[in-house]
Engineer: 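Here it is, the structure in full.
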Amino acid sequence: MRLRSDIFVSALMRRVFARGDFAAVEVKGAEEAGAVFVRQVFRDGSESLHAPAPQSVFEAEESGLRRFETRLERARAEAVADALARERRFDGDLWVVSIEMDDLGDLIDFAAAEPKDDGFFRR
């Protein structure tokens, strides 16, 4: 069973604040199962956008985890805002958490670069 989105976001923000960095919820989504997007803001003004990884990268026993993939890396703030606007048109229940730090470290889990072959789909 997957952790509720509101609890995941709350725990993420507490971990950021415990490190002495800043985080804010830009968009509050569905409390139970809203997709969580992380907007990483760097000191030089560039931003990265981390989105939920597709379910195809998960093993059966990992189905309750939240893994992310990087959609935009060190892009202009306008490009990240445009990407989020497109996502919000598609899914109005998503969350956007903005984190101001250069290295996310172990705050969120990233999916493997190559999805695993499940024998059904060719990748």
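Quick note: numbers below take in every heavy atom, side chains included, and nothing from hydrogens, waters or symmetry partners. Since we're looking at a predicted model, the values are computed, not measured.
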Engineer: I'd like to check the side chain to side chain contact (heavy atoms under 4.5 Å, CB included) partners of Arg89; sequence neighbours left out, ordered by chain and number.
Structural biologist: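 Arg89 satisfies side chain to side chain contact (heavy atoms under 4.5 Å, CB included) with Ala85, Arg86 once adjacent residues are dropped.
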Engineer: What's the verdict on side chain to side chain contact (heavy atoms under 4.5 Å, CB included) for Glu26 and Val97, showing C-alpha distance, side-chain angles and the deciding distance?
Structural biologist: CA-CA 6 Å; Glu26 286 185 25; Val97 179; over 6 Å; no
Engineer: Does Glu78 form a side chain to side chain contact (heavy atoms under 4.5 Å, CB included) with Glu47? I'd like the steps, not just the answer.
Structural biologist: CA-CA 9 Å; Glu78 297 82 19; Glu47 297 184 6; over 6 Å; no
Engineer: Does one side chain, of Glu69 or His50, offer a donor that lies under 3.5 Å from an acceptor on the other?
Structural biologist: no
Engineer: So, do Val36 and Pro52 sit near enough that their side-chain heavy atoms are less than 4.5 Å apart?
Structural biologist: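 In short, these two side chains do not touch, never coming nearer than 4.5 Å.
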Engineer: Do NZ/NE/NH1/NH2 and the carboxylate oxygens of Arg14 and Asp21 come within less than 4.0 Å?
Structural biologist: no
Engineer: If hydrophobic clusters are built by linking Ile, Leu, Val, Met, Phe, Trp and Tyr wherever their side-chain heavy atoms come under 4.5 Å apart, do Leu107 and Phe68 end up in the same one?
Structural biologist: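 Leu107 and Phe68: one cluster.
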Engineer: Might you point out which heavy atoms bring Asp44 and Ser46 nearest each other, and give the distance in Å?
Structural biologist: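 Minimum heavy-atom separation between Asp44 and Ser46: OD1-OG, 2.7 Å.
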Engineer: To the nearest 0.5 angstrom, please state how far the CE atom of Met13 sits from the CZ atom of Phe8.
Structural biologist: 12.0 Å
Engineer: Nearest 0.5 Å, what's the CG-CG distance between Leu84 and Leu49?
Structural biologist: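 It is 5.0 Å, given to the nearest 0.5 Å.
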Engineer: Restricting to non-hydrogen atoms, name the atom on Arg66 and the atom on Leu3 that form the minimum distance, rounded to 0.1 Å.
Structural biologist: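 Scanning both residues completely, I find the closest heavy atoms to be NH2-O, 3.0 Å.
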Engineer: Surrounding CZ of Arg88 (heavy atoms of other residues, nucleotides or ligands, distance under 6.0 Å), is the total greater than 12?
Structural biologist: no
Engineer: Can you hop from Ile108 to Phe37 via hydrophobic side chains spaced under 4.5 Å?
Structural biologist: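 Ile108 and Phe37: separate clusters.
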Engineer: With a 4.5 Å cut-off on side-chain heavy-atom distances among I, L, V, M, F, W and Y, is there a chain of contacts connecting Leu72 to Leu104?
Structural biologist: no
Engineer: Ser48 and Arg39: side-chain donor and acceptor closer than 3.5 Å?
Structural biologist: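 No, no side-chain donor-acceptor pair sits under 3.5 Å.
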Engineer: Could you grab the distance from atom CD of Glu31 to atom OG of Ser5, nearest 0.5 Å is fine?
Structural biologist: 9.5 Å
Engineer: Start with the C-alpha gap between Val96 and Val25, add the side-chain angles, then the distance that decides, and say whether side chain to side chain contact (heavy atoms under 4.5 Å, CB included) holds.
Structural biologist: CA-CA 6 Å; Val96 178; Val25 175; over 6 Å; no
Engineer: Out of curiosity, does Leu12 fall in the hydrophobic cluster containing Val27 (side-chain heavy atoms, cut-off under 4.5 Å, transitive links)?
Structural biologist: no
Engineer: Under 4.0 Å between a side-chain nitrogen and a carboxylate oxygen: does that hold for Asp102 and Arg43?
Structural biologist: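 Yes, Asp102 and Arg43 are salt-bridged.
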Engineer: List the steps and the verdict of side chain to side chain contact (heavy atoms under 4.5 Å, CB included) for Ile7 and Arg4.
Structural biologist: CA-CA 5 Å; Ile7 295 171; Arg4 289 171 44 126; 4.1 Å; yes
Engineer: Any salt bridge between Asp6 and Lys28, counting N to O under 4.0 Å?
Structural biologist: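 Result for this pair is no, no salt bridge flagged.
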Engineer: Determine whether Phe22 and Trp95 fall in the same hydrophobic cluster, where Ile, Leu, Val, Met, Phe, Trp and Tyr are linked whenever their side-chain heavy atoms lie under 4.5 Å apart.
Structural biologist: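 Linked within one cluster.
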Engineer: Decide whether a cation-pi geometry holds between Arg67 and Phe110; the criteria are a distance under 6.0 Å from NZ or CZ to the six-membered ring centre and an angle within 45° of the ring axis.
Structural biologist: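 Here Arg67 fails the 6.0 Å and 45° test against Phe110.
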